[in-house]
*Asks:* 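Below you'll find the structure I mean.
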2 protein chains.
Amino acid sequence: MPPDTPRSTSTRRPAAAPRRQAAGPDAATIHHGIRRDHSEETAQDYVEAIAALIQQSNEARAVDLARKLGVSHVTVVRRVARLVEQGYVTSEPYRAIFLTDKGRALAEECTVRHETVLAFLLAVGVPAAAAERDAEGIEHHVSPETLEAMNGFLKRNS
Amino acid sequence: MPPDTPRSTSTRRPAAAPRRQAAGPDAATIHHGIRRDHSEETAQDYVEAIAALIQQSNEARAVDLARKLGVSHVTVVRRVARLVEQGYVTSEPYRAIFLTDKGRALAEECTVRHETVLAFLLAVGVPAAAAERDAEGIEHHVSPETLEAMNGFLKRNS
DNA sequence: CAAAAAATGTAGCTTCGACTACATTTGGAA
DNA sequence: TTCCAAATGTAGTCGAAGCTACATTTTTTG
Ligand SMILES: [Mn+2]
Ligand SMILES: [Mn+2]
Ligand SMILES: [Mn+2]
Ligand SMILES: [Mn+2]
C-alpha cells in the first residue's frame with residue numbers, strides 16, 4: 001500500500017543540471033581522502049605528543065599521554081599497542097613508551113607541519129588561543145602544496 | 001618477577017621541566033574540541049551535500065548522496081536516520097530527503113564557511129586541486145576567529 | 001621493609017561509521 | 001498493464017575509539 005504522504009512533484013532523477021567544470025578529483029574521491037586523513041590523525045598526534053614528552057622528561061608514560069590527549073589511560077594503552085604493530089613505538093609492560101626511528105621521523109614531520117600551520121595562522125591575524133586550537137585540527141588536512149603555500153607566505157611576510 | 005629488560009634511567013615522574021607559558025586552553029581541552037569537531041563533521045557534510053543536490057535537482061536521493069560522499073547507500077540511510085532524529089532533515093520511506101529549517105540554516109552556514117576557506121586557500125597561492133581537497137577537511141576546524149581572519153585577508157587582497 | 005599510592009593491564013561495554021548480502025518498493029519501459 | 005531495473009530498506013559484521021570497573025605491578029613513602 002502506497003504511503004499517504006504526498007509524493008514530491010518531481011519523482012525520479014529529474015534531468016540533472018549540467019555539471020559545472022570540476023578541475024580536481026571528484027567529490028567522492030575528496031571525501032575518501034578526508035577519511036584517510038582522519039585514520040592517520042591519531043597516530044600523528046600520539047607520536048607528536050610522545051616526542052614532546054620525551055623532550056621534556058626523557059620518557060613518555062601512558063598516564064602523561066592520557067593527560068595530554070584528554071583520554072583515559074585505557075584508550076592510550078590500546079592505541080599504543082597499535083602503534084607498536086605499525087612500528088612507530090616500542091613499549092614493554094609497565095614501562096614507558098619510546099619512539100622507533102620511523103616514529104621519530106613521523107613526529108618530526110608532524111611537529112614541523114604543526115608549527116608551520118600555527119605560525120601561518122598567527123601571521124594572518126588569528127588570535128593566539130584560537131590559532132592554537134585550530135592548528136591542532138587543521139594540521140592533518142594540510143597537503144604538501146598547502147604547506148608550501150603557507151611557508152611561502154611566512155617567508156614573504158617575515 | 002621483574003622483566004629482564006633494563007628499565008629507563010629515570011624511572012618515575014622525573015622533575016617536570018618548567019612549563020612554557022600557555023595562553024589558551026590546555027592540550028587536553030584542545031583535543032576534546034577536535035573530537036567535537038569531528039563528531040559534527042558528518043552532519044555538516046551531509047546537509048551541505050543535500051542542499052547542493054536540492055539546488056541542482058530539486059531533491060536529494062540517498063543514492064546521490066552515496067555517490068557524492070563516496071559511501072554505500074546503507075551508510076547514507078543510517079546517517080540520515082540520525083539526521084532526522086537531530087532535526088536536520090525529513091525523510092519518508094522510499095522518498096527523497098529534504099532539509100528542515102534547522103538543516104537549511106546549518107547548510108547555509110557550512111557552505112559559506114566552506115567557500116571562504118576555499119577562496120582563502122586560493123588567495124594564498126594553493127593550487128586549485130589541492131585547495132579543493134584541503135578545504136573539505138579544514139572547514140570543520142575553522143573557528144569564528146579564524147574565519148574572521150580569512151575574510152579579513154580576502155578583503156585586504158581583493 | 002611494609003603499606004599506600006600511582007601506574008599499568010585486562011575485561012567488557014557503547015557508539016559510530018563503514019561494509020556485504022539480501023529483501024522490498026518504486027517508477028519507467030516493454 | 002505487466003515486468004524489470006533502480007532505489008531503498010533491513011540484517012548482520014567489523015574496526016576504531018571512547019568509557020568504567022577491577023586486577024596487577026611498580027614506585028614512593030612512612
Ligand atoms: Mn593534531
Ligand atoms: Mn579533521
Ligand atoms: Mn567537509
Ligand atoms: Mn564542505
*Asks:* Starting from P on C:dT8, measure out to CZ on A:R67 and report it in whole angstrom.
*Replies:* 9 Å

*Asks:* Check the distance between C:dG17's C1' and B:Q86's CD and give it to me in whole angstrom.
*Replies:* 14 Å

*Asks:* How close or far is atom P of D:dA7 from atom CD1 of B:I97, stated in whole angstroms?
*Replies:* 13 Å

*Asks:* Could you name each residue pair satisfying salt bridge (Lys or Arg N to Asp or Glu O under 4.0 Å) that touches residues 144-158 of chain A, not counting sequence neighbours?
*Replies:* A:E145-B:R133

*Asks:* Toward the 5' end of DNA chain D, which comes first, A:G70 or B:A62, by nearest nucleotide?
*Replies:* B:A62

*Asks:* Would you list the pairs meeting salt bridge (Lys or Arg N to Asp or Glu O under 4.0 Å) in which at least one residue belongs to residues 109-130 of chain A, sequence neighbours left out?
*Replies:* none

*Asks:* If I take atom CG in residue B:D45 and atom P in nucleotide C:dC16, what distance separates them, rounded to the nearest angstrom?
*Replies:* 17 Å

*Asks:* For C:dC16, take OP1 and OP2 only and decide whether either is under 4.0 Å from a side-chain N or O of B:T42.
*Replies:* no

*Asks:* A:F120 vs B:F120 aromatic rings, parallel, tilted or perpendicular, using cut-offs 30° and 60°?
*Replies:* tilted

*Asks:* With sugar-phosphate meaning primed atoms plus P, OP1 and OP2, does A:R78 contact a base, only sugar-phosphate, or nothing at under 4.0 Å between heavy atoms?
*Replies:* base

*Asks:* So, the side chain of A:S143 versus the backbone of B:A130: is there a donor-acceptor pair under 3.5 Å, distance only?
*Replies:* no

*Asks:* Could you tell me the separation between the CG atom of A:L69 and the C1' atom of D:dG18, rounded to a whole number of Å?
*Replies:* 13 Å

*Asks:* Who are the ring pair (Phe, Tyr, Trp, His ring centres under 6.0 Å) partners of B:H31, not counting sequence neighbours?
*Replies:* none

*Asks:* Taking CG from A:L83 and C1' from D:dA16, how many angstroms apart are they, rounded to a whole number?
*Replies:* 13 Å

*Asks:* How about CD on A:E40, more than 12 heavy atoms from neighbouring residues, nucleotides or ligands closer than 6.0 Å, or not?
*Replies:* yes

*Asks:* Think B:R82 has a side-chain N or O under 4.0 angstrom from the OP1 or OP2 of C:dT15?
*Replies:* no

*Asks:* If you assign each of A:S91 and B:S72 to its closest nucleotide in DNA chain C, which residue comes earlier from the 5' end?
*Replies:* A:S91

*Asks:* In this structure, how many angstroms lie between the P atom of C:dG27 and the CD atom of B:E59, rounded?
*Replies:* 10 Å

*Asks:* Should A:V84 and A:I97 be counted in the same cluster of Ile, Leu, Val, Met, Phe, Trp and Tyr side chains packed under 4.5 Å apart?
*Replies:* yes

*Asks:* With a 4.0 Å limit, can you tell me whether A:R79 has a side-chain N or O closer than that to the phosphate oxygens OP1/OP2 of D:dA16?
*Replies:* no

*Asks:* Round to the nearest Å and state the distance from B:Y46 atom OH to C:dC16 atom P.
*Replies:* 13 Å

*Asks:* Decide if the gap between the ring center of B:H140 and the ring center of A:H141 is smaller than 6.0 angstrom.
*Replies:* no

*Asks:* Please list, for nucleotides 22-24 of chain C, all pairs of protein and nucleotide N/O atoms separated by less than 3.5 Å.
*Replies:*
unit_1, atom_1, unit_2, atom_2, d
C:dT24, O2, B:Y94, OH, 3.2

*Asks:* Only counting residues at least two apart or in another chain, list the ones meeting ring pair (Phe, Tyr, Trp, His ring centres under 6.0 Å) with B:Y88.
*Replies:* none

*Asks:* When you check the gap from the basic side-chain N to the acidic O, do B:R67 and B:D64 get nearer than 4.0 Å?
*Replies:* yes

*Asks:* Between B:R95 and D:dT8, is there a side-chain N or O to OP1/OP2 distance below 4.0 Å?
*Replies:* no

*Asks:* For residues 29-40 of chain A, which residues have at least one heavy atom under 4.0 Å from DNA chain C?
*Replies:* A:R35

